[in-house]
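Heads up, the thing below is written out as structure tokens.
Whatever order the structure lists them in is the order used to number ligands and atoms, beginning at 1.
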Amino acid sequence: MSEATEETPTAHVVIVGGGAAGTTCALFLARAGITSTIFDHDRTILKRAELHNYPGVAPIGGVAWLAQLRETLAATGMSSSIGERATSLFTEGARVGAASENHRVEGDYVVIATGQLNADFTQSVNMELTEPAQPFVTTNIVVDHWGQTNVDRMFAAGVVAGFPSQAVVCAGSGANVAIGIASTVRGAYWVDHDEAPKPVTP
Ligand SMILES: Cc1cc2nc3c(=O)[nH]c(=O)nc-3n(C[C@H](O)[C@H](O)[C@H](O)COP(=O)(O)OP(=O)(O)OC[C@H]3O[C@@H](n4cnc5c(N)ncnc54)[C@H](O)[C@@H]3O)c2cc1C
């Protein structure tokens, strides 16, 4: 991973939903030098999951997996969270954001990662919704390959964006949105790779 410097272009992203997709998105943004604020009211369906199908990871409870992910994100110092339900989205010129009962946070981009719960709050910006194909899912937001919605600077990831309801898929979709945003912010395709240590030559 290339290190962010003071000259690296950066941005602030407002994420609604801190489950598999939203937290992974924040982590990948942080690795690209981009800060975030996560609204999350702690209703992830990971609370009911026991993950036996997360590749390369021994079976683990959904809560324990998310706790580890949140710990990794916290260690970056690049993301903060608000423990409230976001009730509306807004756009103001080139700025976008979300609001809850007690907070209003604006940024350069918004990512919606609200899982299978009701996403009616997106109607404050006339976001395009569609009928979900999966059972138990309330709403799907219409997105393109990079998670872009019909609203400029607003993206969606995870179950709410129509991805299959498995943690690895939803985490991957959050990472995908982050890479798209990082590529736009940096003005070049963002390649998030860490190199293995060089073998020691005798
Ligand atoms: C019983 C059960 C068993 C499962 N077993 C497995 C399994 O074995 N393997 C597997 O891979 N997956 C399993 N899953 C599915 C897995 O948990 C989901 O695929 C994954 O959590 C979806 O990620 P997400 O980020 O889209 O949504 P979530 O992880 O649900 O995160 C959404 C977050 O958004 C927040 N939120 C929603 N609306 C708002 C709002 N307006 N304002 C603020 N916050 C908001 C919620 O509080 C929540 O924290 C299981 C699920 C269930 C229910």
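A distance of 11.5 Å separates CG in Asp40 from CD in Glu84, rounded to the nearest 0.5 Å. In this structure, the separation between CE on Met154 and CD1 on Ile112 is 6.5 Å, given to the nearest 0.5 Å. To the nearest 0.5 angstrom, Glu128 atom CD is 11.5 Å from Asn140 atom CG.
Closer than 4.0 angstrom to ligand 1 lie heavy atoms from Val16, Gly17, Gly18, Gly19, Ala20, Ala21, Phe39, Asp40, His41, Asp42, Arg43, Thr44, Ile45, Leu46, Arg48, Ala49, Glu50, Leu51, Asn53, Glu84, Arg85, Ala86, Ala113, Thr114, Gly115, Leu117, Phe121, Gly158, Val159, Ser165, Gln166, Ala167, Cys170.
Of all heavy-atom pairs between Gln68 and Ile60, the closest is NE2-CD1, 3.9 Å. Closest approach of Ser79 and Ala26 over heavy atoms only: OG-CB, 4.0 Å.
Side chain of Arg70 to backbone of Gly18: a donor-acceptor contact under 3.5 angstrom is found.
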